[in-house]
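Read the numbers this way: they start at 1 and go in the same order the structure lists the ligands and their atoms. Keep in mind it's a predicted model, so treat the numbers as computed, not measured.
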Amino acid sequence: MNQIARALLGGEICPPAPWPASWTLLGADDTPPATPPWLAPPGQPLDLVLPDRRLRVIARASAQPEGVVLTLLDLEEQRAIAARLQESEDRYRSLTELISDYAYELTVDNQGRLVPYWVTDAFQRVTGFHIEEMLAQGGLKSIVLAADHGVLRRHIRAVMGGHAHACELRIKTRGGAVRWIRDYARPIFDEQGGRVVGVLGASRDITEEKLLNPLTGLPNLAAFQDRLGVAIERLARDPRSSLSVLYVDFDHFHVFNHSLGWAAGDTLLRTLGQRLREAVRPGDTVAHLRGDEFAVLLTELPNPTDAIRMTEALLSAISAPVELAGTEVTPSASVGVAFARGHHEQVSDLLQAAQTALSRARSRGGGRYEVYDPAMFRASLARLRKESALRAALSRGDFPVFYQPIVSLSDGALSGFEALVRWRDPERGLVGPQQFVPLAERTGLIVDIGGAVLLAACQQLAAWSAEVPAARSLAVSVNVSPQQLHEDSLIEHIDAALAASGVAPERLQLEITETALVEGPEANVDRVARLKERGVRVGLDDFGTGYSSLSWLQVFPVDTLKVDRSFIRELDGPSGDAGIVGTIVALARHLGLVVVAEGIETADQRRVVEALGCEFAQGFLFARPLPAEAATALVRRWPRW
Ligand code: C2E
Ligand code: MG
Ligand code: MG
């Protein structure tokens, strides 16, 4: 009985012992067992029901003394302990959830691996993965960025070595976003306190605090660098997009700080951050880098001048007076501006450039901005001015056409003219095409300028023909840019010019460069074919400088080859090398094309090209490009060269 009493207190009893009548033994499904507990196979659950409680009987064979040891467990008490444990665990978890986003416990399995024992639901909210799913794909390591694997390894090593340890690492969530996690973990020791049998940990998503400046709540340097990197990548995909970095630094900020106190200084910084934010567009980034330094990232502004306009607006927004600690202060800032020139730019280079410009602004007294590469900025400003000047010229019709005679070498007679456009700039006077055609091409203005040239040239030809009978045999050549060739409007412009002037299509020749033909879209073959259908002639300009490929000549049915001026110049060399011109002439003959030698300046050159078999020539030897009136006088005179 004493032994049984001891058993009730959690000890063991050694049956057989006097067995009170009020005690019943119950097996599974609450029926008396077939065999007494000391004979029942181990592991089979038996309950001993006493008048006031129920005990779990666990039988175990004993060798010394031989017999069976029964362990009696008070189930009520066990349940109470479990409930208390659960309660304290819940409390622990909710506590850890207060200070962390998710908490977890790991145990060391019998192969020495760390496996999750439990983890709070928030794990999935933070990472996007269910714990089982993450385990299936290789555990925590599979979602930690490779760059932070070392951090994770050191963290685990420290905790398994028996120390509490914290670390910060980046994970990639299921959605692909990178988040910063701060993990705090401590070891769980076995009862003897020697061996680490588990890990208790809590993690917090610190992405925001990693990327935001705690004072202003604006993105910090790391976040700014990140966004700048993304913007540079976008520049690679869309070269028309733009990117400017403004580095903003407040003038004499330390004076405010010292005279009004740190708290007032902080308030001022918050106000200034707010003002910067309000001065830019919602999609722009305003970052608080450190101290009184801010940075702004502007994208998708069509012109650098727009960025400058925003910088000026920003400077004036900043300098409005602020009420601080009972005093009114007027802040001012210096700004350094840097423009990305291309996607090859590095984040650090751009920030550095903006910073360099900033120090210049500061050294010039502050309260102003400076552009990192003023030469580049001036160039883009000049380009912009020129572009709007070209637009204005187009609306005023300030593109006079000059005409340069093309001479038939066999008889020295005038065979036609090449129409060469000029720009009458109110400031600079007459400007040659090399100075503005490239810009007109880049901006698409060439389409309308070219249309005007076509019309003027056809009308001029009609006027000469009406006045001078011999001029009815003349042709006019008009240069066509790749951009014109790529647009359907070219055909419309040609039709309109022919219709308005009444000039026969075969008297109009279009000069296209090889490069424009070959590098243009497939549709070019089609367009050239449509031009030819109309009876318009097509010549290849500057022949020899581009692809000069025979196969292209077969694809594009051209009528004329214009040998480039550079080959004509070579004819004067000591060797008198006629090689290339000779080859081109032979090639043209073979294909049944007419050859025009361009840039003939001397009688010698004329002789050589004539001897080589060129039928036509053009150059200063005969006449420079002439204004319409001078060309008209020439037609009236009808010279022979
Ligand atoms: P291009 O079509 O090869 O025109 C011939 C150029 O060579 C003209 O220059 C002409 O003045 C110059 N030239 C003619 N003979 C001689 C010579 O003996 N010696 C030297 N040194 N030069 C000579 P320009 O007028 O300055 O035109 C330059 C280029 O501008 C043209 O080259 C053409 O590609 C382009 N261009 C001219 N007018 C137009 C136009 O209306 N539309 C388009 N898209 N391009 C045009
Ligand atoms: Mg030409
Ligand atoms: Mg040419």
Engineer: For ligand 1 and Ile446, I'd like to know whether there is a polar contact (N/O to N/O, distance under 3.5 Å).
Structural biologist: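 In this structure, Ile446 places no N or O atom under 3.5 Å from an N or O of ligand 1.
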Engineer: Using a distance-only test with no angle check, is there a side-chain donor-acceptor pair under 3.5 angstrom linking Asp542 and Thr513?
Structural biologist: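 Thr513 and Asp542 do not have a side-chain donor-acceptor pair below 3.5 Å.
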Engineer: Against ligand 1, does Arg624 come closer than 4.0 Å with any heavy atom?
Structural biologist: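 No heavy atom of Arg624 comes that close to ligand 1.
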Engineer: Restricting to N, O or S atoms, which atom of Glu511 is closest to the Mg ion (ligand 2)?
Structural biologist: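 Nearest N/O/S atom: OE1.
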Engineer: If you count every heavy atom of other residues, nucleotides or ligands that lies below 6.0 Å from Lys172 atom NZ, does the total exceed 12?
Structural biologist: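 Counting neighbours around NZ of Lys172, 12 or fewer heavy atoms of other residues, nucleotides or ligands fall under 6.0 Å, so no.
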Engineer: Please state which part of Gln404 comes within less than 4.0 Å of ligand 1, counting heavy atoms only: side chain, backbone, both or neither.
Structural biologist: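 Near ligand 1, Gln404 shows its side chain, while the N, CA, C and O stay back.
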Engineer: At a threshold of 2.8 Å, where the distance has to be below it, does the Mg ion (ligand 2) have an N, O or S atom of Asn479 nearby?
Structural biologist: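 So Asn479 does bind the Mg ion (ligand 2) by this criterion.
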Engineer: I'd like to check which ligand 1 atoms, numbered from 1 as shown, lie under 4.0 Å from a non-hydrogen atom of Glu601.
Structural biologist: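 Every atom of ligand 1 under 4.0 Å from some heavy atom of Glu601: 17 (C), 18 (O), 19 (N), 20 (C), 21 (N).
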Engineer: Is atom CZ of Arg534 surrounded by more than 12 heavy atoms (other residues, nucleotides or ligands) closer than 6.0 Å?
Structural biologist: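 More than 12 heavy atoms, drawn from other residues, nucleotides or ligands, come within 6.0 Å of this atom.
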Engineer: Please work out whether any backbone atom (N, CA, C, O) or any side-chain heavy atom from C-beta onward of Asp541 is under 4.0 Å from ligand 1, and answer side chain, backbone, both or neither.
Structural biologist: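 Contact part for Asp541 vs ligand 1: side chain (C-beta onward).
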Engineer: Is the closest heavy atom of Gly450 to ligand 1 under 4.0 Å?
Structural biologist: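 No heavy atom of Gly450 comes that close to ligand 1.
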Engineer: Any heavy atom of Gln618 closer to ligand 1 than 4.0 angstrom?
Structural biologist: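 It does not; every heavy atom stays at 4.0 Å or beyond.
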Engineer: Give the atoms of ligand 1, by number and element, whose distance to some non-hydrogen atom of Gly619 is under 4.0 Å.
Structural biologist: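 Counting atoms of ligand 1 from 1, those under 4.0 Å from Gly619 are 15 (N), 18 (O).
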Engineer: So which of Ala456, Ala440, Gly599, Pro433 gets nearest to atom 36 (N) of ligand 1, if we judge by its closest heavy atom?
Structural biologist: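 Minimum heavy-atom distance to atom 36 (N) of ligand 1 goes to Pro433.
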Engineer: Are the ring centres of Tyr247 and Tyr369 closer than 6.0 Å?
Structural biologist: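 Centroid distance Tyr247-Tyr369: not below 6.0 Å, so no.
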Engineer: How does Ile600 reach ligand 1, by side chain, by backbone, by both or by neither, if only non-hydrogen atoms under 4.0 Å count?
Structural biologist: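 For Ile600, the contact with ligand 1 is made by the backbone alone.
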Engineer: How is the N/O/S atom of Glu418 that comes nearest to the Mg ion (ligand 2) named?
Structural biologist: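 The Mg ion (ligand 2) is closest to the Glu418 atom OE2, counting only N, O or S.
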Engineer: In this structure, does ligand 1 have an atom that sits under 4.0 Å from one of the heavy atoms of Glu441?
Structural biologist: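 Contact absent.
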Engineer: Does NZ or CZ of Arg227 come closer than 6.0 Å to the centre of the six-membered ring of Phe224, within 45° of the ring's axis?
Structural biologist: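 Verdict for Phe224: no cation-pi partner in Arg227.
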Engineer: With the threshold set at 4.0 Å, does a side-chain nitrogen-carboxylate oxygen contact exist between Glu300 and Arg234?
Structural biologist: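 Yes, this pair counts.
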Engineer: Any idea which atoms of ligand 1 are less than 4.0 Å away from a heavy-atom of Arg422?
Structural biologist: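 Counting atoms of ligand 1 from 1, those under 4.0 Å from Arg422 are 25 (O).
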Engineer: Quick check on Gln484 - does any of its heavy atoms sit under 4.0 Å from an atom of ligand 1?
Structural biologist: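 A heavy atom of Gln484 does come that close to ligand 1.
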Engineer: Does any part of the side chain of Val595, heavy atoms only, come nearer than 4.5 Å to the side chain of Phe616, both counted from C-beta?
Structural biologist: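 No, their side chains stay 4.5 Å or more apart.
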Engineer: Give a yes or no on whether the backbone of Arg537 and the side-chain of Asp559 come within a donor-acceptor separation of less than 3.5 Å.
Structural biologist: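 No, because the side chain of Asp559 does not come within donor-acceptor range (under 3.5 Å) of the backbone of Arg537.
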Engineer: Only heavy atoms of Asp542, strictly under 4.0 Å: list the atoms of ligand 1 that pass.
Structural biologist: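 Near Asp542, meaning under 4.0 Å from one of its heavy atoms, ligand 1 has 3 (O).
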Engineer: Which ligand 1 atoms are under 4.0 Å away from a heavy-atom of Pro625?
Structural biologist: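 In order of numbering, the contacting atoms are 11 (O).
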Engineer: For the Mg ion (ligand 2), find the closest N/O/S atom belonging to Asp541 and write down its atom name.
Structural biologist: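 The Mg ion (ligand 2) is closest to the Asp541 atom OD2, counting only N, O or S.
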Engineer: Ignoring hydrogens and geometry beyond distance, is a side-chain donor-acceptor pair present between Gln605 and Glu601 at under 3.5 Å?
Structural biologist: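 Side chains of Gln605 and Glu601: no pair found under 3.5 Å.
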Engineer: Tell me, do Leu621 and Thr602 make a side-chain contact under 4.5 Å, heavy atoms counted?
Structural biologist: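 Contact flag for Leu621/Thr602 side chains = no.
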Engineer: Is the closest side-chain donor-acceptor distance between Ser334 and Arg364 under 3.5 Å?
Structural biologist: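 There is no such pair between these side chains.
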Engineer: Parallel, tilted or perpendicular for His288 and Phe294, by the 30°/60° rule?
Structural biologist: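 The rings of His288 and Phe294 lie parallel, inter-plane angle below 30°.
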Engineer: Select one of side chain, backbone, both or neither to describe which atoms of Val453 lie under 4.0 Å from any atom of ligand 1, heavy atoms only.
Structural biologist: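 Only the side chain of Val453 comes within reach of ligand 1.
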